[in-house]
Amino acid sequence: MSFIYSIKTMLISTRRVVRATTLWFCFATLLLAGLNACEVVFPNTHPGNHDTINTMIWLPTDENWTGRFLGAGGFAVLTTDGGHAADAAIESWAQISPGNVNWNLFQTFASFSLDEATVLGRAVVEAYYGKGPTYSYWNECSQGGRQGHLMAQRFVDHYAGTWATGAGTNWAKDENKHVVGLFPTLCELDAIRVASIEACDALDDLKPAAPDDCTFDPHTRAGQTWEGAAFPQGKFLWYSLEPGAALCASVATTCNNGTCVGAPVGITAEWNKYFVTIDLSTVNIRVLDYLFHQSINRYDSTIGTSDTDLSYFQKAGGRLITSHGLADQLLPPGTLLNYVKRLHERDPNASNYYKYFDALGVDHCGLAGGKGCLIDWVEKGVAPDTLEAETQNAAASCSVDLCLWPKKLVYLGGDPDVAC
């Protein structure tokens with residue numbers, strides 16, 4: 001049961017949207033102008049849970065509304081803080097007391113708030129326009145990519161079209177990344193990255209080369225940098241980054257007077273400190289094995305999105321497009337590809353409703369756009385076989401069509417700058 005505290009409305013023309021630079025939220029700072037919309041804010045709570053979830057929706061004027069429900073440009077725009085503000089310190093909400101996870105807020109963040117925000121938001125749309133949205137869409141990356149997959153798995157009729165990229169579909173596994181044993185300097189880590197790019201690019205003169213075509217031996221310079229985590233006996237545990245990805249986030253170190261220690265990306269440290277409740281300074285390869293399994297056993301059923309049974313999503317007419325940058329420096333591309341492969345093993349015709357595109361040379365959430373082809377697929381039945389990608393902030397721009405998995409880009413010859 002949910003109780004709405006109040007409903008506040010105001011006309012807006014410009015709004016600055018700030019999202020925290022953490023995987024607890026999809027990060028961005030946007031200045032939106034020319035909105036000419038009605039902003040509706042309604043905080044709600046669940047009696048007994050001591051929580052407050054703030055949901056906000058932007059409603060364009062009647063003449064500007066396309067009949068669609070999503071996030072920008074003529075759509076009815078919905079957002080939720082998931083039970084805590086984007087800039088809230090993790091220690092302010094993750095635990096109710098030292099060592100005791102705040103399960104109510106964690107479940108609210110992981111899934112409940114997404115369902116409630118959508119239901120409440122659509123009710124506001126119907127009350128405002130006198131009719132509900134014709135089509136509803138989800139469009140997010142990173143944490144939002146995980147949330148998009150969760151919607152397709154658990155709340156199958158909420159969104160007709162879902163753009164969910166850079167997703168950590170195995171959250172409890174993805175957030176256990178550590179440097180164990182050896183701690184290179186940041187300069188050494190970057191030298192390893194550059195060496196991998198040079199070795200892989202030399203294969204076909206095309207920058208960047210596909211990681212799975214690369215024969216670069218990480219043992220020559222980097223130990224297990226790209227082999228991923230493993231059990232003490234050497235058995236594969238989980239995926240790591242691909243050659244060419246920046247190493248200064250997931251396997252970062254910090255050095256003082258020549259002595260270096262591990263400095264994992266913030267969310268990894270936060271996840272293990274406040275949820276798995278372990279001191280990272282005590283982690284070695286055997287502790288990592290235990291840590292990995294504890295994370296899965298405690299949290300996968302709540303925040304995980306590895307379920308490949310999308311049959312109800314398909315029956316509801318849902319369509320999902322996803323992609324992962326192969327130079328992602330935060331989330332291993334292998335985790336989403338693992339999901340894609342298992343999905344197609346379960347249903348060889350999964351590409352009829354779920355399409356995955358490798359994004360060569362793209363870092364975390366670096367692939368923009370896609371909404372247009374998703375709308376065409378949902379509303380016109382025109383399914384995309386390729387996705388156009390274009391370089392950003394580069395001296396010379398070029399574009400290329402990304403291939404629908406399992407196909408991949410192949411360099412046949414000619415000017416690499418033209419071929420991208």
Side-chain angles (χ1 to χ4, degrees), residues 23 26-27 110 138-154 161-177 208 210-212 226-229 236-246 249-250 265 267-268 271 292 295-296 299-300 303-310 313 318-347 350-351 353-370 374 384 386-387 389 402-409:
L23 289 184
C26 309
F27 51 85
W138 182 267
N139 179 19
E140 280 292 3
C141 180
S142 192
Q143 180 62 251
R146 181 199 70 83
Q147 293 167 337
H149 280 80
L150 182 137
M151 291 286 191
Q153 295 167 17
R154 303 189 193 184
T162 298
W163 175 268
T165 60
T169 50
N170 289 271
W171 179 275
K173 297 179 181 179
D174 292 331
E175 297 314 321
N176 280 289
K177 302 184 288 289
D212 57 355
W226 291 292
E227 290 190 351
F236 174 76
L237 193 61
W238 199 237
Y239 300 93
S240 187
L241 306 180
E242 296 288 351
S250 292
V265 66
I267 193 170
T268 295
W271 175 255
F292 186 83
S295 182
I296 297 169
Y299 298 105
D300 195 52
I303 199 170
T305 51
S306 60
D307 184 6
T308 57
D309 186 356
L310 298 183
F313 177 71
R319 300 290 184 266
L320 190 151
I321 295 176
T322 186
S323 178
H324 207 121
L326 297 185
D328 194 318
Q329 73 277 32
L330 294 177
L331 289 173
T335 186
L336 182 55
L337 183 56
N338 171 274
Y339 178 84
V340 172
K341 290 179 177 178
R342 291 188 299 107
L343 172 64
H344 282 79
E345 287 172 0
R346 185 186 189 104
D347 180 6
S351 60
Y353 53 88
Y354 183 105
K355 294 185 182 291
Y356 169 73
F357 300 85
D358 275 336
L360 193 61
V362 175
D363 59 12
H364 189 64
C365 290
L367 184 66
L374 179 61
T386 60
L387 280 182
L402 303 180
C403 300
L404 176 65
W405 185 88
K407 294 180 180 179
K408 62 180 181 179
L409 291 171

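Keep in mind that this is a model prediction, so the values were computed, not measured. Heads up: numbering here begins at 1 and tracks the sequence.
Atom CG in Leu150 sits 10.0 Å away from atom CG in Asp307 (nearest 0.5 Å). Here Asp358 contributes atom CG and Leu387 contributes atom CG; the two are 11.0 Å apart, rounded to the nearest 0.5 Å. For the atom pair CH2 (Trp163) and SG (Cys141), the distance works out to 9.5 Å, reported to the nearest 0.5 Å. Atom OG1 of Thr165 and atom CD1 of Ile321 lie 10.5 Å apart (nearest 0.5 Å).
For Tyr299, there are no side-chain hydrogen bond (donor to acceptor under 3.5 Å, both in side chains) partners, not counting sequence neighbours. Taking Leu404 as the reference, Lys355, Phe357, Asp385 meet the side-chain contact (heavy atoms from CB on, under 4.5 Å) condition, with sequence neighbours excluded. Take Asp309 and apply the salt bridge (Lys or Arg N to Asp or Glu O under 4.0 Å) test, not counting sequence neighbours, and it matches Arg346. Scored by the side-chain hydrogen bond (donor to acceptor under 3.5 Å, both in side chains) test, Asp363 finds no partners at all (sequence neighbours excluded). In this structure, the side-chain hydrogen bond (donor to acceptor under 3.5 Å, both in side chains) partners of Arg342, at least two apart in sequence or on a different chain, are Asn338.
In this model, no donor atom of one side chain and acceptor atom of the other lie less than 3.5 Å apart for Asn170 and Tyr239.
At a threshold of 4.5 Å between non-hydrogen side-chain atoms, the residues Leu367 and Leu402 count as touching. With contacts defined as side-chain heavy-atom distances shorter than 4.5 Å, the pair Ile303/Arg146 qualifies. A heavy-atom distance below 4.5 Å is not found between the side chains of Leu310 and Leu320.
Taking both residues in full, the closest heavy atoms of Gly145 and Ala164 are given as O-CB, 3.5 Å, listed atom of the first, atom of the second, then distance.
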Is there a side-chain contact (heavy atoms from CB on, under 4.5 Å) between Leu336 and His149 once you walk through the steps?
CA-CA 11 Å; Leu336 182 55; His149 280 80; 4.0 Å; yes
Given Tyr339 and Thr305, is the side-chain contact (heavy atoms from CB on, under 4.5 Å) satisfied, shown in steps?
CA-CA 9 Å; Tyr339 178 84; Thr305 51; over 6 Å; no
### Query
Would Leu331 and His324 satisfy side-chain contact (heavy atoms from CB on, under 4.5 Å), going step by step from the backbone distance to the final call?
CA-CA 9 Å; Leu331 289 173; His324 207 121; 4.1 Å; yes
Check the pair Asp347 / Tyr353 against side chain to side chain donor-acceptor pair (under 3.5 Å), numbers first and verdict last. CA-CA 11 Å; Asp347 180 6; Tyr353 53 88; 2.7 Å; yes
side-chain contact (heavy atoms from CB on, under 4.5 Å), that's the test. Do Ser306 and Gln153 meet it? Break it down for me.
CA-CA 9 Å; Ser306 60; Gln153 295 167 17; over 6 Å; no
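Trp138 places a side-chain N or O within donor-acceptor distance of the main-chain N or O of Gly144, the cut-off being under 3.5 Å.
Sorted by first then second residue, the salt bridge (charged side-chain N to carboxylate O under 4.0 Å, His left out) pairs that include residues 318-341, not counting sequence neighbours, number zero.
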